[in-house]
Amino acid sequence: MTDHLLSLMTFFPLVGMLIILFLPREADKLIKTVTLIVTIIVFFISLPLAFDDVFLTSSAMHYTEFVNWISVGQYFQMNYYVGIDGISLWLVMLTTFIMPIAILSTWNAIEKNTKGFMALALLLETGMLGAFISLDLFLFYVFWELMLVPMYFMIGIWGGKNRVYAAVKFFIFTAVGSLLMLVALIYVYYFAVKAGVPFENGFSIIQFYQMDIPGNLQTWLFAAFAFSFAIKVPMFPVHTWLPDAHTEAPTAGSVILAAILLKMGTYGYVRFAIPLFPEAAMQFTPFLALLAVIGIIYGALVAMMQDDVKRLVAYSSVSHLGFVMLGIFAFNLQGISGGILQMISHGVSTGALFLIVGFLYERRHTRLIADFGGLSKVMPVFATVFMIVTLSSVGLPGTNGFVGEFLILIGAFEGGLRVFAVVATFGVILAAVYMLWMFQRVMMGKVTNPKNENLKDLSARELAIMLPLILFIFWIGVYPNTFLDKMNPSVENLIKQVKGKQQIAMMVEDVDQTVTFITVND
Amino acid sequence: MYDKLWLIPFFPLLGCIINGLLGKRFIKNEKIIGAIGTGAVFLSFLVSCKYFFQLLGDSVKTHENIVASWITVGNLQIDWGFLFDPLSAIMLLVVTGVGSLIHLYSIGYMHGEEGFYRYFSYLNLFIFSMLMLVLGNNLLVMFVGWEGVGLCSYLLIGYYFEKKSAGDAAKKAFVMNRVGDFGFLLGLFVIFWTLGGKHGVWTLNFVEISENAHLLSGDMILGLGVTTVATLCFFLGATGKSAQLPLYTWLPDAMEGPTPVSALIHAATMVTAGVYMIGRMNVLFAMSPTTMAVIAMVGALTAIFAASIGFAQNDIKRVLAYSTVSQLGFMFVAMGVGAFTAGIFHLMTHAFFKACLFLGSGSVIHAMHHAMHKAHLDDDPQDMRNMGGLRKKMPITWATFGISCLAISGLPFFSGFFSKDEILWWAFASSRGSLLVWAIVVVAACMTAFYMFRCLIMTFHGEQKTNSKAKDYIHESPWTITVPLIVLAFLATVGGLVGIPHVIGKLIGDIPNKFEHFLAPVFEHSQQLYKIEAHGTASTEVSLMVLSVLIACVGIGVAYFMYKKNPELPAKFTSKFPKFHRFIYNKWYVDELYDSLFINSTKNLGTFCWKGFDVKVVDGIVNGVAKAVGGLSSVLRHTQTGLFQNYALTMVLGTVVMVAIFILN
Amino acid sequence: MISVYHYMGVAGILFAMGTYGVLTRRNAIVIFMCVELMLNSVNLTFISLSAHLQNMDGQIFVFFIMAVAAAEAAVGLALMITFYRNRASIDVDDMNMLKW
Amino acid sequence: MEIIFFYLVAFVVVVSGLLVILCKSPINCALGLVNTFFCLAIFYVMLHAPFMAAIQIMVYAGAIMVLILFVIMLLNLGTAERKRYTQGIVWSAVASLMVLANVIFFLKRGRVTGAEGDITTFMVESVGHTELIGRTMFTEFILPFEIASILLLVAIVGAVVLAKKEV
Amino acid sequence: MENLVEIALQNVNMAAILPSVILTCFGMGLLLINVFLPRGTTRPAVWISIIGLVVTGFFVFSGWGDPQYGFNDAVAMDNYAAFFSIIFLFAAGLTILISDNYLHREGYPVNEYYPLILFATAGAMWMASGTDMMTIFLGLEVMSISLYVLAGFFRGQVRSNEAGLKYFLLGAFSTGFLLYGMALIYGVTGSTKLTEIGVYLSAHSSLLDNPMTLAGLVLLSIGFLFKLGAAPFHMWVPDVYQGAPTPITAFMSAGPKAAAFAAFLRIMEYCFFTLKPEWTAMLWVLAVMTMIIGNVIAIKQTNIKRMLAYSSIAHAGYAMVGMVAANEIGYSGILFYMLAYTFMNIGAFAVLTLAGKKGEDNLTLEGFSGFGFKRPYLGVAMTIFLFSLMGLPPTAGFTGKFYIFAGAIDAGYIWLAIIGVLNSAVSLYYYLRVMVYMYFRDPVEDYSWVSLPAAAVISIVIAIIGVFYLGIIPGDVMELAKLAVF
C-alpha cells in the first residue's frame, strides 16, 4: 500500500473524474458531493505522508516509485519516477488540503455545467499532484502542461465578463514559457546521455543533479527554465496574466490558481532550475532577486490602487510571491525554508482571501470595492474571518504570513542580498496599506448601499470552509516547526549540493585562468 | 521557580478567546463579559505580583522560561520564551495593574455599547500582546507583541467602525506602526547577521545579545558602526510605536477609539513600548553615543513640538493625546541621555497620571454624552468649549483629574515631580546629555504645565458653557468608573515615592532610591561599562529642581491668568495672531504635509504602475505582439489570392531561387 | 556531332516555354497543353539521355510518362467539364471562390 | 549535315512551342502543340528510338490531342480569351527566363556522367528497338508497368465519375 | 522466349507487393460489385472497403520484420514501408468511416468514391515501398489522380470543382518539375534505382559539385515538397482543402502527406546521403518558412476547415524539422508524427464532418458558437483533437512533437527547435480560438439533438483512442517507428 501511495493519491482523482462522467448531468448536488468525497479521500490518502517522521532526518526521496514508461531503444527513455522529500511534502499536502475546500466553495457558486466543472477540477488535482511528485523531468513536464487545460476551461466557461481574454492570455503566457523549457529539458537529457549518465535513468533529476554542465551552457538552460517558471510564479514583468486570470476565474478556480498553481513556478525553481544549474543560478541571482524585489513593491503599489477586490488580491500575490523568490535566491537555509513555508502560507491565506471575495460575490454579484462598505455591521462573523485572513496576508506575527516573510528576509539579509532585503522589508509596510485600506473600504464605515443592508452572514458551510484555513493560519504562525522540521533536512541537502557545485565552479574558474596552458589534452 | 510565567499572558488570551467566541451568542450578559475580561487581567496582575515579590527576595535577578520552540531553521533558533527581570517585572505590574483598572472602568463606560463582547475581547488581546512584548526573551517574541499591540490598537481605534474617521485613524495607526516595525525588523536583521555571521553567535535572545554586544564594537556597516545602524533602526521602530517625530501623527487621531482604550493603549502602556525596548537593549544603545544623541534630540523636539500643538486644541482628548506625545518625548530624552532608570520611572508614573487623566476625561465625556443624548443635542461631547464648571457636578472626577494635572506638571511630591526632575537632571548633567536638550525640555515642561491647566480650567472651572438643556443631566459617573479614578489618582500622588532621588533622599533622611536600586541589575552594567553617569554637585541638582518647580508654576500661573482670570484673553490673542493660531491649531499642517509628500505620491506611483506600466507597457507589449502577429497574418493571408497563376508563379520563383542557390554554390 | 547537350538544350527551352505558358495563359485547357509541353521536354531529355547512356531505362520512363499524361488528360478534362458546367467558363481567373 | 537538320527541327520545335504559348485561340494552340509532338518524334528517331517516336505520335498526337480538341469543341471555346494575359506577365517572363537561365547554367557547367549501359546503337539496330524496349519493360520494369495499368483504370473511373451527368 | 519469362519471373516477389495487390483487388472488386448495387446503396461498399483495409493491414503486419524485395529492386516491402502503409490504411479507414453519412447528406452517394480511396491508398503504399523512381512516380500519380477526382467529387458544387481543378493543374505542373529532376538525376547517374543512384553518387565524389546533380536534387524535391505543402509550394493547400469534400480533406491531410514524406525521405536517404549538408540546409529554411506561414496565416482564418488546412501546412513544417535533423531519431520521429497526425487531424475533420450541414456553410467560427454545449460529445472529441494538434500532453501531438524536436536537438539544431516551439505557441492561439467559440460563447441557434451515425462515431472513437494511446503509452509504437527507419 505505501509502495504506491503517491500513485494512488495522484490518480485517485482521475478515478473520481470517470465516476463523475457517468453521473447524469442534472444531478447537481450528487456530482458535487461525489467530487467532495473524492477530494477528501485523496486528502486522507495523503495524510500518512504528513505524519511520516522519516522526513525529520532524511533528505532523500521517499515513497519513490520507478516504472519504465516510454523507452525507445537508444533514443530516449522516460520513466514514471515519483517520490517526495521534505520540499514537496508540504506542497502535496497543501494541494490535497485545498482541493476539498475549493470544491466546497462551489456549492452555490457553480450552477451551470457542474459536471464539467467537477471533472475538470479533479483532472486539475491529478495534474498538480503529479507535478509536485515527479522526479523525472519529462513526467513533470507532462503534468505541468496537463494543469493548463482544466484551468483554461475553468476560467473560460465559468469566469467573469472578460473571461475569454483572460483564459487565452493565461494559456498562451504559460505555454510560451513551458515550450522553451521543453527545448531545454530535451537538451539537458541529451547532454546527460553524452556525458555518460546511464540512458535507462531517463530524465531523472536525481541523476541530472550529479552532472557538471559547462557554465555557458548552464546559463542558457537556466534561462529557459527560469523564464518558464518566472511566468508561472509570476515574476515582475511577466505577471500581467495573473490579475486577469484571477479576476475572471470563478472562486474555486482563483483559489486553486492562487493557492497551488502559482507554487508550481517557485517549486520549479527549487526543484529544477537551481539544483540543475547551480552556477547559472548564482549568476542570475542579482537579476532575479532584483525582479523579485521589484515585484514585491510593484505588486503592492498596484494592488493599492485597485478598485476590484479580486484584482487587488491578485496583485497582492505578485507581491507575496516576490518574497518567495527572494528567499529562494538567498541560497541559505532560512531563505529557502522560509520560501517554501511562505508558499504554504500564501496558499492558505490567499486561498482564504479568494474564498472571502467569493462569498461577497455570491451575495452581491459585484467585486467592486466601491459597492461595499460597512459590512462589519451586517456580517460580524464574516468580518472576523476576513480580519484574520487580512492580517495573515499582511504578515502579522502569530499568523502564518509572518513566519515565512521573516525567514525569507532574514535569509536574504544573511545571504548577501542585503539591499534587496531592506527594500523588501519596505514592502511589508505597503502590504499593510493596501490590505487594510481595502478592508476599511469594504467592511468599515456606514452601510451606504441599501443592497448591502440585508446580506446574510456566513452560513455553516462557509464557516466550515474557512475554519480549517484559519486553523492553519494560526498553526503555521505559532508553531511552524511542524512544517519546518520536516523540510529542513531536504533544504539543507539542497543547499549543500548547490553551494558545493558553485564553489567548485568558482575554483575551477580561477584555476582555468592560470592553468590553461599547462593542460594540453582535453 | 519561574516556570509558570506563561500564565501571565495566558489569562488575557483565554479571556479574549472566551469573550470573542462565545460573547455574542452565548454569554451576552455584559456583567459576565466584563467580569471575564477584567478577571483575566486581574489574575495576570496577581501572578505578576507573586513573581514580583519572589524576585524581590531573589538574588538572581534574571530568569528565563522557555515554553516551546517556535522557529527552528538551521542556526536560527527562536523559542517562545519569557524573560523575567526587574525591568519586565515593573512593566508587568504597570500593564496588568493599570490594565485591570481600565478593564473595570470599561464595564461602566462601555455599558450598552453594541459589540461589548468584542471590546473586551480586543482589550484582553491587547493585554496579551503587551505582555508578550514585555515578557519576550528574544527580539522576535517581542516583535510578536510589538505588532500585536499595533493590531489591537488598530482594532480598538476602529472600534466605532461606522465612523469613517475611526477607520481612517485605525489604518493610519497601523501603517505608521508598520513603518516603525520596518525599522525594528531591519535592526533585528543587522544584529542577527553581524553577531552570527561575523562572530558566530547566532541569536536573537536579549540576554545573549547583551552579553555578546561588546563583540560588535569594531564592526562597521555603511561607514557607520554596526551598533549605531542597528540601534537607529530600532529607534525608528520606537518612534513609530511611541509616536515620536516624525511618526507621531497617528496618536492624536487614535483618540477616535473609546476613551478607556486611549487611556490604556495610547497613554499608559503600548506607546511606552518604545521606551521599554530601548531599556531592554540598553547595552546596545549605550554602545552608540550617536544614536543616544539622536534619541535625546528627537525626544526633546517631540516634547516641545507636541506641547506647542497642545496649546490650541479644544478637544479634551486631543489635548491629552498631545500631552502624551510630549511626555513620551521626555522619556526618550531620558533614554537618550542614559537615564534609563529615570525613563522607566517616568514611564511608570506617566502611566498612572496619564491613565487617570484619560479616564477622567472619559468620565466627563461619558457624562456629557449621556446628557447630550438625553437632551437630544448633537453637540460634540468632547469639545472643551462646551464644558466648564463641571467641578460641582462631578467632584470625584474633578479631584482626580486635578491631582493628575499636578502630577504631570511636576509639582513637588507628586509622582511626576520625581521622575521628571530625574530626567532634567540627567539631561543637564549626564555625560551623554547636553545643555540644549536640557533647555528644550525645561521649556517643554513649562508648556506642559500651561496646557494641562488650561485643560483643567476649561473643563471644570469657570462658568458652565454647556447647552442649558443638557446641563441638568450631567452627573457623576458610577463606581466602576470612579474607583479606578481614585486608585489611579492615589498612585499618581504617591507612585513617585518609590524613586526618591538621592539628593532629596539624603535630605529627608537616608531614604534610598528603591526604584533605581531595583533596576540596577538591568542598567548598571551598561552605564558603568560605557561611562554613562550624571555628575554634578548636590547643590546644582537641588537648584535645578527648584528651577523646574518654578517653571511649572509659571506655566500654571499663566494658564490661570489666561483662562480663569481673563477668559476673554485667549480669544483676543487668537484674533491678534490669526495665522499663528491657525498654524498651531492645525498641528503645523504636518498631516497635510505627509498627505502630499507620501500618501499622494505613493498613490500616484501606484496608479502609474498600474495604468502606466502594467496596462500600457507590459500588456501593451503582450497585446502588441499578438496584434503584430495578427497583422502579419492579415498581410500574409492576402498573398493567398485564390488565383491559380499566382500560386504557380510562387512555385516557379521558389524553384528557380532554390536551384540557383544550389548550383551557384 | 549532335551531343546530348543539344537535345537537352532544346528540352530546356521547351520547359521554360511551357512554364511561361502555364504562368500566363488563362484558359485552363491551354494551361494544360503547356503542361504537356513541359512533360514533352522531359521526355526529350530522358530519351536523349537514354541514347547517350546506352541504357533503356530512360525510354521506359518516357513510356510511363506518356501513360500518366494520358491519364491526367482524361481526368483533367473531366474536371474542366464539370467546372464549365457550373461556371460556364474554364478561365482560371474564375477559380476564385476559395481564397485568403 | 545532321546538325543542320537538328537545328532546323529545333527551330520548328521552338516556333511551334511559341505558338502554343502565344496563340489566342485554343485551337491554334492545340495545333501548335501537335506540331511540337511531331518534331519531337523526329528527334526520337534521330536518337535511335523509333518505337518511342511511334507511340509519341500515337499517344500524344493521336489520343491526347484529339481528346483535348474534342473538349475544346465541346465547350465551344473557339472564341479568343477576353484578355490574353494575366497581370503577372512581367514576373512570369522573369520566372521563365530564370528557369531557362538555370537550365543553361547547369547544361554549361554540368556533365552527363551516368554509367554507360550496354545497349549500344549497334545493338538497337541489330536487335530492334521495340524488342529491346519490350525486354526491359517486361523484365526489369514489370511492376511499374502493372501500376500504370491501375493508373489508367483510375483515370477512366475518375473521368466517368466526374463527367457523367446524373448522380 | 522462355528465357525472358524466366528472367521476368525470377524477379517477381509477390510478398513485396502483396498488401497493395490485395488492396487494388478489393478496389477493382468493388467497382464490379457496384454495378449490381442499386443507386444510392453505399453501405456494402463501405464495409467491403473496410474489410479490404483490414485484410491489407493484416498482411502488412504479418510482413513486419521480414523485408521483402523484388521486381528488380523496384519495390521493397520493408519495415519503413510497412509503417507508412499502416498510416495510409488508418487514414483511409477513418476517412471511409466518416464518408458514408456525409456523402448521403451532400447528395452524392456514389459508390466509386470508395474504390478511388482504396486506389489512392495503394498508390501511397507504392510510394512508400518504391525503391525505383518509376515506381515512386507511378505510385504518386495513382494517388494524385485519385485525389484530383476525389477533390472534385461533388460535381455540382463549384467549390469542389474549383478545388479539383486547382489541385489538378498545380499538381500536373509540379509533376513537370519532379520529372525534370528525375531526368537529370538519371542523366547524372545512369539509373533510376535508388540504391544504384546512391552508390554511384557516393562512389564519384566529383558528382557532388556537378550542377546537374544539384539541380536534379532540388527539382526532385520540389515535386515532393509540393505534395507536402511546404512553403513556398503550399499555396494550393488551403484552397483545395477548403473546397474538397471534408472527408477527402481529412484523407489528404494525412495519407498523401505521409506518402510524400515516405518517398521524399527514402529518396533523400537512399540517393543523396552524400549531399546531406546541402539538403538539410535547404530544408531548414523551408521548414521554418512553412511553420511560420502555416501558423501565422491560420490565425486570421474564420473558416475552421481552412484554418485546419493552414494548420496542416504548419504540421508539415514540424515534420520537416525531423528531416532537417537527419538522424535516426528525427526520421523515426517523422514516422511517429505522421501516425499521430493522422489520428488527430482526421479526428478533427471527422467532427467537422458531423458538425456541418448540407453545403457546409456553417463551418465558420461563428457557426461553432456554443458547439461544445449543443453537441457535448462531439465537443469533447474536438477538444481532445485540438489539444493534440496544439501538442499538449498527454496526447499524441505532444509525444510526436517531442520525438521530432528531440531529434533536432540531438542533432544540434537548437534554434530550429526554438523556432518550432515558438510556432507552437502561435498555433495555440487559433486552436484555442475554436474552443473559445465552442465553449465560451453562447449558441447562436437552439440546441437540437442530432443522432450520430455509427460509422463516424467509430471513426472518432478510434481516433481518440489513437490520440491517447500514442500520447500516454507511446513506447511500443515509438519502438516500431525506430525499427522502421533504415
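Residue numbers begin at 1 in each chain, while the letters A, B, ... track the order of the sequences.
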Got a second to check how far E:L392's CG is from A:F171's CZ, nearest 0.5 Å? 4.5 Å
Verdict with supporting geometry, E:F440 and A:Y152, ring-ring contact (aromatic ring centres under 6.0 Å, His included): CA-CA 11 Å; E:F440 305 171; A:Y152 171 71; 5.3 Å; yes
Quick one, A:V72 with E:Y403, criterion side chain to side chain contact (heavy atoms under 4.5 Å, CB included). Give me CA distance, side-chain angles, the key distance, then yes/no. CA-CA 10 Å; A:V72 189; E:Y403 209 151; 3.5 Å; yes
Between chain E and each of A:V149, A:L146, A:V176, A:L148, count heavy-atom pairs under 4.5 Å; write down the option with the most. A:V149
Heavy-atom side-chain proximity of E:I409 to A:Y189 below 4.5 angstrom: no
Check ring-ring contact (aromatic ring centres under 6.0 Å, His included) between E:F368 and all other residues, then give those that pass, not counting sequence neighbours. E:F371
What parts of residues 113-144 of chain A touch chain E if we use heavy atoms and a cut-off under 4.5 Å? A:N113, A:F138, A:Y141, A:V142
My understanding is that only residues two or more places apart in sequence, or in another chain, count here; which of them pass salt bridge (charged side-chain N to carboxylate O under 4.0 Å, His left out) with A:K169? A:D244, B:D619
From CE (E:M438) to CZ (A:F153), nearest 0.5 Å: 7.0 Å
Which is it for A:M181 and E:V421 under the side chain to side chain contact (heavy atoms under 4.5 Å, CB included) test, yes or no, and what are the steps along the way? CA-CA 10 Å; A:M181 179 171 77; E:V421 295; over 6 Å; no
Does some side-chain heavy atom of E:I329 sit less than 4.5 Å from a side-chain heavy atom of A:Y190? yes
Taking ring-ring contact (aromatic ring centres under 6.0 Å, His included) as the definition, give me every residue that meets it alongside E:F385, ordered by chain and number, with sequence neighbours left out. none
Heavy-atom distance under 4.5 Å to chain A: side chain of E:Y439, backbone, both or neither? both
Could you check whether atom NZ of A:K161 has more than 12 heavy atoms from other residues, nucleotides or ligands sitting under 6.0 Å from it? no
Taking every non-hydrogen pair under 4.5 Å, which of A:I70, A:V168, A:I172, A:L179 racks up the most with chain E? A:L179
Minimum heavy-atom separation for A:A175 and E:L428, please, with both atom names. CB-CD1, 3.1 Å
Return the option, out of E:K482, E:M435, E:E328, E:R433, with the maximum number of heavy-atom pairs under 4.5 Å with chain A. E:K482
Taking atom OH as the centre, does E:Y413 end up with more than 12 heavy-atom neighbours from other residues, nucleotides or ligands that are less than 6.0 angstrom away? yes
Structural part of E:F402 lying under 4.5 Å from a heavy atom of chain A: both
Which atoms of A:A167 are under 4.5 Å from chain E, going by heavy atoms: the side chain, the backbone, both sets, or neither? side chain
Quick one: does A:Y75's side chain have a donor or acceptor within less than 3.5 Å of a partner on E:S332's backbone? no
Between A:Y187 and chain E, with a heavy-atom cut-off of 4.5 Å, which part of the residue counts as in contact: side chain, backbone, both or neither? both
May I ask you to check whether over 12 heavy atoms, not counting those of E:F273, lie within 6.0 Å of atom CZ? yes
Please state whether the side chain, the backbone, both or neither of A:F191 comes within less than 4.5 Å of a heavy atom of chain E. neither
Closest heavy-atom contact between E:E479 and A:S71? OE1-O, 3.3 Å
Would you say CH2 of A:W220 has more than 12 non-hydrogen atoms from neighbouring residues, nucleotides or ligands within 6.0 angstrom? no
Give, for atom CE of A:M78 and atom CE of E:M478, the distance between the pair rounded to the nearest 0.5 Å. 5.5 Å
